[in-house]
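First the structure, in the form of structure tokens, and then the observations on it.
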Amino acid sequence: MERAGMQMTKKGFSFRGPDEGVHALKTWITPEDDLFLVTHMGFVEISSEHWYLDIDGLLGNPMRLRLSDLQAMPQREYMSFHECAGSPLAPTVAKRRIGNVVWKGVPLSLVLERAEISSDASYIWTSGLEWGEYAEVQEPYQKDLPVEKALSQEVLLALEINGQPLTPERGGPVRLVVPGWYGTNSVKWVGSITAANRRASGAYTTRFYNDPTPSGGKPVWSVAPESVIVSPSPYDPVLADVPTRIWGWAWGDREISSVEVSVDGGDSWQRATVGQREDRSWQRFELPWTPASGPHLLLCRCTNEIGEGQPPSEARNAVHSVEVQVRN
Ligand SMILES: Nc1nc2c(c(=O)[nH]1)N[C@H]1C(S)=C(S)[C@@H](COP(=O)(O)O)O[C@H]1N2
Ligand SMILES: [Mo]
């Protein structure tokens, strides 16, 4: 995987995110500084001149694209929430690493069409350029997508986030972005794409990011419905008998159709108003609230357009709660 003109920084797993967690996410578009960062084996730095992308496997026209080749192709913008699935070693722990951003790049479908993808291809494998160790595994960061998702218009080889070129930490100069699917699928520092007729067999698609179910592993792909309370936070002063509002974000691969909020620890629920979504953005919800003094456990839960909801606990999309002290 190692390439000329490339080096790695901060070797090993690292996570960075706002100290206040979801309570920092007050704006519709999440600024880069408030957007979480994750890497398993370290960050890659590679100059634009040295970067290239190899495309091979089940296709008629294997090719190597340089950055200037990609820049010369049609690009599109797409707004999407961006969410980390959490640790693959603890897949039922809710981490709530989330943001909402605008990506810009070349649709992967255009590249695959130009490479004359074969009708025998059923999966698209992508690999990052880095090397190193994670959880005692030494393997490239390789992921796969069913070809139907890979060819859908929202999947991009992204060059920009929120109108700015991708930084090295963000996966620049080019990363894959798979809107609607967990962040693990959006391979940073992408260096190769392979069309195949089976799933990728590496650790990042089998051991990690493959939820155990009674009928076998379920790949961590499409994002399940989830919602968080942004405000009030546990640190906000909330005054008794003063009208305020409870608000937050709800998202999922499918559109969210309803959000309910509880101000009494889950004994009773009220329906919040839910805003629209753009592309695959998150949606804002809000409920007016005039609190009585004392402690309150606030919860929110959402349902998507096909009736899927959030489990109360033991899941990456478990119901979120916030404890607030309401004072006189
Ligand atoms: N090459 C590579 N791509 C990667 C990862 C990685 O470790 N290496 N981590 C993945 C995970 S788990 C997540 S959540 C997102 C994080 O993207 P971000 O740092 O831009 O938020 O990148 C994904 N893509
Ligand atoms: Mo992640």
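Counting convention: from 1, in listed order, for ligands and their atoms alike. For reference, positions follow the sequence shown, starting with 1.
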Is it the case that the side chains of Lys26 and Ser231 hold a donor-acceptor pair, with the cut-off being a distance below 3.5 Å and no angle test?
no
Within the 4.5 Å heavy-atom criterion, are Asn100 and Met79 side-chain neighbours or not?
yes
Whether Arg3 engages the ring of Tyr52 as a cation-pi pair (distance to the six-membered ring centre under 6.0 angstrom, angle to the ring normal within 45°) should be assessed.
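The answer is yes; both the distance and angle limits are met.
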Does the structure place the NZ or CZ of Arg284 under 6.0 Å from the centre of the six-membered ring of Trp247, at an angle of no more than 45° from the ring's axis?
yes
Using the ring pair (Phe, Tyr, Trp, His ring centres under 6.0 Å) definition, which of the options Phe208, Phe15, Tyr209 pairs with His40?
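So the option named by the test is Tyr209.
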Near ligand 1, at a heavy-atom separation below 4.0 Å: residues by chain and residue number
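Shell around ligand 1 (4.0 Å, heavy atoms): Phe36, Leu37, Val38, Thr39, His40, His82, Cys84, Gly128, Glu130, Tyr141, Arg170, Arg175, Gly183, Thr184, Ser186, Val187, Lys188, Trp189, Tyr209.
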Glu154/Lys149 ion pair, N-O < 4.0 Å
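The answer is yes: the pair qualifies as a salt bridge.
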